[in-house]
Amino acid sequence: KLSKSYDITRKTLFRGAVLSTTFHHKTKQKQFTVINTYLDASNEQNWSLQVSSLSSHNLKPNTMIIGDLNHAPDDVDRSGFHCDKSRAARDLFQNMLTKHGLQEVYQTNHTWYGCREDRLSSSRIDRAYHNFDFVTIATHRPTLHTLTTIPHTVTTYGVSNSGSDWTDDS
């Protein structure tokens with residue numbers, strides 16, 4: 001359905017971690033870009049390379065960066081005994097946001113849950129950012145909702161309902 005109204009181009013910004021899809025409207029000369037991310041969870045050097053790669057691209061207005069960023073900089077973004085990236089890595093990420101005028105589409109829920117040493121911990125590491133222009137923000141008012149029935153979210157620990165966010169059970 002989208003291909004009827006949009007010319008769609010795809011580009012790999014960082015192999016296996018950052019994928020960009022741009023939608024150019026065929027008649028209105030408008031475009032938006034969705035950048036889907038999965039940043040390295042266990043190796044901060046790789047994570048920093050991925051963030052640097054993303055930052056080096058020209059992110060035009062009306063770009064969304066969504067996905068598993070494996071970054072929870074503030075105490076409210078994580079529970080338990082784990083910590084986030086180093087100060088240098090956090091600064092690198094913040095500089096990328098500032099450089100491209102990106103704002104978070106905030107959602108309050110933690111999106112990752114794990115159990116280590118019989119202690120439950122959680123983080124808000126799945127996020128969305130945008131640099132929408134004023135007209136787009138005013139027209140569409142972006143919001144973000146958490147899926148709770150996929151692996152490594154609250155469903156793993158029996159907190160979610162038994163239905164699936166991916167299928168229509170009705």
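If you read the sequence from its start, that first residue is 1, and numbering goes on from there.
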Tell me which donor-acceptor pairs under 3.5 Å the side chains of residues 50-71 have, and how far apart each pair is, sequence neighbours excluded?
from  : atom 1 : to     : atom 2 : distance (Å)
Gln50 : OE1    : Asp40  : N      : 2.7
Ser52 : OG     : Ser48  : O      : 3.0
Ser53 : OG     : Leu13  : O      : 3.0
Ser56 : OG     : Ser53  : O      : 2.8
Asn62 : OD1    : Asp133 : N      : 3.1
Asn62 : OD1    : Thr136 : OG1    : 3.2
Asn62 : ND2    : Asp133 : OD2    : 3.1
Thr63 : OG1    : Lys60  : O      : 2.6
Asp68 : OD1    : Asn70  : N      : 3.2
Asp68 : OD1    : Asn70  : ND2    : 3.3
Asn70 : ND2    : Leu39  : O      : 2.6
His71 : ND1    : Asp84  : OD2    : 2.8

- Message: When you group the ILVMFWY residues by side-chain heavy-atom contacts below 4.5 Å and let the links chain together, are Tyr129 and Trp47 in the same group?
- Response: yes

- Message: As an exercise, state the distance from NZ of Lys11 to OG1 of Thr33, rounded to the nearest 0.5 Å.
- Response: 10.5 Å

- Message: By the definition side chain to side chain contact (heavy atoms under 4.5 Å, CB included), identify the one residue from Gln31, Gln29, Lys30 that meets it with His24.
- Response: Gln31

- Are Phe93 and Tyr38 linked, directly or through other ILVMFWY residues, by side chains that come within less than 4.5 angstrom of each other? no

- Do side-chain atoms of Thr12 reach the backbone of Arg15 as a donor and acceptor pair under 3.5 angstrom? no

- Message: Could you measure the distance from the CG atom of Asp7 to the CZ atom of Phe23? Nearest 0.5 Å is fine.
- Response: 11.5 Å

- Task: Could you pull out all residues at least two apart from Thr27 that satisfy side-chain hydrogen bond (donor to acceptor under 3.5 Å, both in side chains)?
- Result: His25

- ILVMFWY network linking Tyr6 to Phe132, side-chain heavy atoms under 4.5 angstrom: yes

- Query: Rounded to the nearest 0.5 Å, how far apart are CG of Leu92 and CZ of Arg90?
  - Reply: 12.0 Å

- Message: Could you see if Leu102 belongs to whatever hydrophobic cluster contains Phe14? Use Ile, Leu, Val, Met, Phe, Trp, Tyr and a side-chain cutoff under 4.5 Å.
- Response: yes

- So, the side chain of Lys26 versus the backbone of Ser3: is there a donor-acceptor pair under 3.5 Å, distance only? yes

